[in-house]
Amino acid sequence: MTPHPAPAAPTPGPAPAPAPAPYDFDTPVDRRGTWCTQWDYVQDRFGVPDLLPFTISDMDFETAPEVLAALRRRLDHGVLGYSRWRQDDFLSAIVHWYASRHDTDVDPESVVYAPSVVYQVSRLLHLWSRPGDGVVAHTPMYDAFPKTVAANGRRLLECPLDDWAELERLLALPDTAVLLLCSPHNPTGRVWSAGELDRMARLCARHGVAVVSDEIHSDLAYAPHVHRPWARHGGNGRWAVVTSASKSFNIPALTGSYGIIGDPDSRDAYLRHLKDADGLSSPAVLSLVGHIAAYREGAPWLDALREYLADNLAMVADRLGEAFPRLGWQPPQAGYLAWIDLRPLGIDDRELQRELVETEKVAVMPGAAYGSPGLVRLNVGCPRSKARAGVEALVRALRRLDGTQGS
């Protein structure tokens, strides 16, 4: 039998192109001229226009394509009349998200709607406290909290982040009514452990203090840290989770948020005020569409985003460690806000801001805005090229003030 000739060796060709990444976070999107708070109105806070901003906590990324597709389909329908938030598509999407992402069962009857998280905080302060009552919150503090507490005639009681003795002292005061919790914490990115949340729950129950837990950054916790909703710790007491998909999916311009209120009587009172006093029973329909698409279809995009943000934060840590080892800065446990303690350098805050604004032409939030002079908050929810430009500007400014030489 005549053997078959050996097959010819294949002709070498170009290597196949790598498969495109499913989501693009590297390509900058020009936000100027879109009424953008961070870019177009940077002068309002820093006194100078056209700075490269690393400020307000939104991101420079397009939202998930699944969310955009859902919004386009809704707009193509063409009719934008009154809508209802209390319907199965919205409520079941929230229930699904908490079960699949946070291992938490949510009763759809416990869900409420609101135009914003801060609105919910304001209404719940009215519901669970009286004018002059104390509201406890951890420092450093999200800058909207002091304004909201003061505007509602309540008294802010500031507690350092890890001072448990002071927390119990403040909760035990006879006129303390509410613990205003930030979980994960803004601006530090701290993720509270199950043990810490249990401890807070016991203290609040012991002293009859209601809890409002702002969990808007909850979907951006980094392993091994795991966010645990207050809904798993509040029991039968007076508590509420207030949150939104707006941070994790970068859709704050759609407005809209939701809450979970454990106590039925409190929930009914909240909803009566929402509808009858404030006339807000018809929601922003695109917010509903955005939330449903995000929670039903957006998990792969969110996972890719979180990985990208973690790499941005690791880049910041590497560069600061190279330039200023004595800072010992580590990335936050959640979020995209690099909360950087510069006090070991002995830098004057005003001089640093002058260098950043006048010489480097960048806008970086000073820690004093959150009650912590000597720190800065650098928003790296942006393409890596911009994040790198921000940290390099910060390093150059610090070196000029610190007199440090190096790479």
Side-chain angles (χ1 to χ4, degrees), residues 37-38 42 44-47 53-58 117-118 121-122 125 129 132-171 173 175-192 196 200 209 211-217 242 247 327-354 356-357 363-380 394 398:
T37 298
Q38 183 167 189
V42 69
D44 290 355
R45 187 182 289 262
F46 290 86
F54 301 87
T55 54
I56 193 170
S57 58
D58 68 0
V117 163
V118 174
V121 171
S122 178
L125 289 181
S129 66
D133 280 351
V135 177
V136 178
H138 290 99
T139 56
M141 192 179 302
Y142 169 43
D143 55 341
F145 282 179
K147 299 171 187 175
T148 303
V149 171
N152 283 284
R154 274 61 176 172
R155 188 164 49 89
L156 183 65
L157 304 175
E158 300 182 16
C159 179
L161 203 58
D162 289 305
D163 193 336
W164 287 92
E166 179 66 0
L167 178 63
E168 180 158 20
R169 187 188 74 80
L170 293 174
L171 293 174
L173 294 175
D175 61 352
T176 296
V178 176
L179 170 64
L180 182 50
L181 181 64
C182 204
S183 177
H185 185 261
N186 177 12
T188 68
R190 165 79 166 273
V191 175
W192 300 101
E196 289 170 327
M200 285 186 221
V209 174
V211 178
V212 178
S213 183
D214 175 354
E215 302 186 6
I216 200 168
H217 294 274
V242 295
K247 291 292 187 223
L327 290 181
W329 188 78
Q330 295 297 315
Q333 298 169 355
Y336 48 83
L337 305 171
W339 181 245
I340 305 169
D341 188 350
L342 302 174
R343 289 173 295 183
L345 303 181
I347 300 295
D348 181 86
D349 286 6
R350 289 168 296 182
E351 289 297 322
L352 176 59
Q353 284 296 317
R354 187 175 297 114
L356 290 171
V357 170
V364 178
M365 292 299 294
Y370 313 96
S372 294
L375 291 87
V376 293
R377 195 189 80 168
L378 180 74
N379 179 350
V380 295
L394 178 62
L398 289 171

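Residues take their numbers from the sequence shown, with the count starting at 1. When reading the values below, keep in mind they use all heavy atoms of this one structure, side chains included, and skip hydrogens, waters and symmetry mates. None of the values given here were measured: they were computed from a predicted structure.
The structure places CG of D214 at 8.0 Å from CG of N186, a figure rounded to the nearest 0.5 Å. How far CH2 of W329 is from CG of L375: 11.5 Å, rounded to the nearest 0.5 Å. In this structure, E166 CD and E158 CD are separated by 10.5 Å, a value rounded to the nearest 0.5 Å. One distance of note links OG1 of T188 with CG of D162; it measures 9.0 Å at 0.5 Å rounding. Note: M200 CE to L179 CG = 7.0 Å, rounded to the nearest 0.5 Å. Considering CG of N152 and CG of D133, their distance stands at 12.0 Å, rounded to 0.5 Å.
Contact detail for P332 and G189: the closest heavy-atom pair is CB-CA, 4.0 Å. The two residues Q38 and T55 make their nearest non-hydrogen contact at OE1-N, 3.1 Å. A pairwise comparison of heavy atoms in R154 and L125 identifies NH2-O, 3.4 Å as the closest pair. Between V191 and Q333, the closest heavy-atom pair is N-OE1, 2.8 Å. Between W339 and S372, the shortest heavy-atom distance links the atoms CZ2-CB, 3.6 Å. Heavy atoms only, all atoms of each residue included: S57 and N379 are closest at CA-ND2, 4.0 Å.
Taking 4.5 Å as the limit, some side-chain heavy atom of R155 sits within range of a side-chain heavy atom of D175. Counting heavy atoms from C-beta on, the side chains of C159 and L170 come closer than 4.5 Å. P140 is listed as a side-chain neighbour of H185, based on a closest heavy-atom distance under 4.5 Å. Between L180 and T148 there is no side-chain heavy-atom pair separated by less than 4.5 Å. In this structure the side chain of V136 never reaches within 4.5 angstrom of the side chain of V209, judged on heavy atoms.
Using a cut-off of 4.0 Å between Lys/Arg side-chain N and Asp/Glu carboxylate O, D143 and R377 are scored as not salt-bridged.
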* With side-chain contact (heavy atoms from CB on, under 4.5 Å) as the test, would you mind laying out the steps for T37 and D58 before giving the verdict? => CA-CA 9 Å; T37 298; D58 68 0; 5.9 Å; no
* Could you walk me through whether M365 and L337 pass side-chain contact (heavy atoms from CB on, under 4.5 Å), step by step? => CA-CA 10 Å; M365 292 299 294; L337 305 171; over 6 Å; no
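Using a 30° and 60° split on the angle between ring planes, H138 and W192 fall in the tilted class, from 30° to 60°.
Under the side chain to side chain contact (heavy atoms under 4.5 Å, CB included) rule, L157 has a single partner from L171, L167, V135, T176, which is T176.
Judged purely by atom type and a 3.5 angstrom limit, D341 uses its side chain to pair as donor or acceptor with the backbone of R343. In this structure, the side chain of Q353 engages the main chain of V364 through a donor-acceptor pair within 3.5 Å.
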